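Remarks on the structure that follows.
These numbers come from a predicted model, not from an experiment.
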Amino acid sequence: QLKASQVRGEELLAQFQALGAKGLMDTEGYITQLDCRNITLPDDIIARIANCSRLQDLNLRHTGFKDNQFEYLANLTEITKLDLSDNPIAGMSIHKLGTMSKLASLSFASTSVNDANVRQFEAIAHLKTIRKINISGTKLSTISYEKITRFFRQADVKH
């Protein structure tokens, strides 16, 4: 188990590719892009995303990603683009994205994020690099949408 959790680089990318994911590595052997959309990812594989410290573009659209798995994303400080659309996310762990100081694009489209989770967005409002947020198809009301738009004044918020 410990050995598996320390898998990185080509070996880790090969594990994601074996499931059907696509990815890119930099010249130093770090995964920088990972596209797992429409692949059901086992929990142990999602946990390994935490090993991708130089990941910049992560697409987890329709992978079964859940609120309790946000902890695996917390240390991904190089992320600029994160797509969590079409997943069973209620939104209670969005605050764990607060370390993503380079995040420019964030999508929660077609998730169960709702009005009760507006404070979670407020908790990441300090991320001034965010330019796009997609919350279309969520359970957020117009009032919540307006609040999120105020939190991220520099961003294009799609509702």
Side-chain angles (χ1 to χ4, degrees), residues 5 12 16 19-24 26 30-159:
S5 70
L12 181 57
F16 282 108
L19 295 169
K22 296 179 182 108
L24 296 174
D26 64 14
Y30 289 92
I31 299 172
T32 57
Q33 185 178 5
L34 196 54
D35 184 348
C36 301
R37 73 182 134 194
N38 301 321
I39 301 167
T40 302
L41 295 176
D43 287 350
D44 64 318
I45 294 292
I46 287 182
R48 291 180 192 163
I49 290 172
N51 294 345
C52 302
S53 60
R54 293 200 191 164
L55 201 54
Q56 296 168 5
D57 184 346
L58 179 58
N59 188 333
L60 292 174
R61 173 183 284 256
H62 197 251
T63 56
F65 188 86
K66 301 179 252 351
D67 285 282
N68 67 335
Q69 295 170 324
F70 272 88
E71 66 184 302
Y72 303 124
L73 306 181
N75 294 325
L76 303 179
T77 57
E78 299 298 311
I79 290 270
T80 58
K81 187 175 180 187
L82 179 60
D83 188 343
L84 297 171
S85 305
D86 299 310
N87 281 307
I89 299 170
M92 57 207 152
S93 297
I94 293 171
H95 68 279
K96 292 185 178 176
L97 303 180
T99 58
M100 295 183 174
S101 59
K102 297 179 181 178
L103 190 62
S105 177
L106 179 61
S107 182
F108 287 106
S110 303
T111 62
S112 297
V113 173
N114 60 55
D115 294 340
N117 304 116
V118 171
R119 285 199 175 139
Q120 295 288 326
F121 285 95
E122 188 173 16
I124 63 168
H126 66 279
L127 300 175
K128 301 300 181 195
T129 54
I130 294 179
R131 294 294 176 258
K132 282 184 178 180
I133 298 179
N134 187 345
I135 51 173
S136 62
T138 62
K139 297 178 179 177
L140 291 162
S141 67
T142 303
I143 292 168
S144 293
Y145 160 73
E146 289 168 358
K147 285 180 182 176
I148 291 168
T149 301
R150 280 195 299 276
F151 297 151
F152 300 97
R153 293 179 195 274
Q154 307 276 326
D156 173 23
V157 182
K158 185 175 178 189
H159 183 248

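Few gaps surround NE2 on His159; more than 12 heavy atoms of other groups in view lie less than 6.0 Å from it. Around CZ of Phe151, the count of heavy atoms belonging to other residues, nucleotides or ligands within 6.0 Å exceeds 12.
Counting only residues at least two apart or in different chains, ring-ring contact (aromatic ring centres under 6.0 Å, His included) contacts with residues 33-57 are absent. Screening residues 71-114 for ring-ring contact (aromatic ring centres under 6.0 Å, His included), with sequence neighbours left out, gives Phe108-Phe121.
In this structure, Ile94 and Ile124 approach most closely via the heavy-atom pair O-CG2, 3.6 Å. Across every non-hydrogen atom of Leu41 and Cys36, the tightest pair is CD1-CB, 3.8 Å. Counting all heavy atoms, side chain and backbone alike, Thr32 lies closest to Asp26 at CG2-CB, 3.8 Å. Nearest heavy atom pair, residue Ala116 against residue Asn114, reads N-OD1, 2.8 Å. Listed here is the closest heavy atom pair of Leu73 and Ile49: CD2-CG2, 4.0 Å. Nearest heavy atom pair, residue Asp86 against residue Ser110, reads OD1-CB, 3.0 Å.
Residues passing the side chain to side chain contact (heavy atoms under 4.5 Å, CB included) test with Asp43 are Lys66, Gln69, sequence neighbours excluded. Shown here are the side chain to side chain contact (heavy atoms under 4.5 Å, CB included) partners of Ser144, two or more places apart in sequence or in another chain: Asp115, Val118, Leu140, Ser141. Remark: Arg37 pairs with Asp35, Asn59, Arg61 by the side chain to side chain contact (heavy atoms under 4.5 Å, CB included) rule, at least two apart or across chains.
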Expected list for residues 125-133: side-chain donor-acceptor pairs under 3.5 angstrom, two or more places apart:
residue	atom	partner	partner atom	Å
His126	ND1	Ala123	O	3.3
His126	NE2	Gly98	O	2.8
Lys128	NZ	Ala125	O	3.3
Thr129	OG1	Ser101	O	3.3
Thr129	OG1	Leu103	N	3.4
Thr129	OG1	Leu103	O	2.5
Arg131	NH1	Lys128	O	2.8

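Side-chain atoms of Phe70 and Leu84, non-hydrogen and from C-beta on, do get closer than 4.5 Å to each other. Counting only heavy atoms from C-beta outward, the side chains of Leu19 and Ile45 approach each other to under 4.5 Å.
Atom CG of Leu97 and atom CD1 of Ile79 lie 9.5 Å apart (nearest 0.5 Å). Separating the NZ atom in Lys22 from the CD1 atom in Ile39 is a distance of 7.5 Å, to the nearest 0.5 Å. A distance of 12.5 Å separates CD1 in Ile31 from CD in Gln56, rounded to the nearest 0.5 Å. Distance OG1/Thr99 to CG/Leu76: 7.5 Å, rounded to 0.5 Å. Distance CG/Asn68 to CE/Met92: 8.0 Å, rounded to 0.5 Å. Atom CG of Leu82 is separated from atom OG of Ser107 by 8.5 Å, given to the nearest 0.5 angstrom.
Distance alone, capped at 3.5 Å, places no donor-acceptor pair between the Asn87 side chain and the Thr111 backbone. The backbone N or O of Leu12 sits nowhere less than 3.5 Å from a side-chain atom of Asn51 that would complete a donor-acceptor pair.
A salt bridge links Lys102 to Glu78: at least one charged side-chain nitrogen sits closer than 4.0 Å to a carboxylate oxygen.
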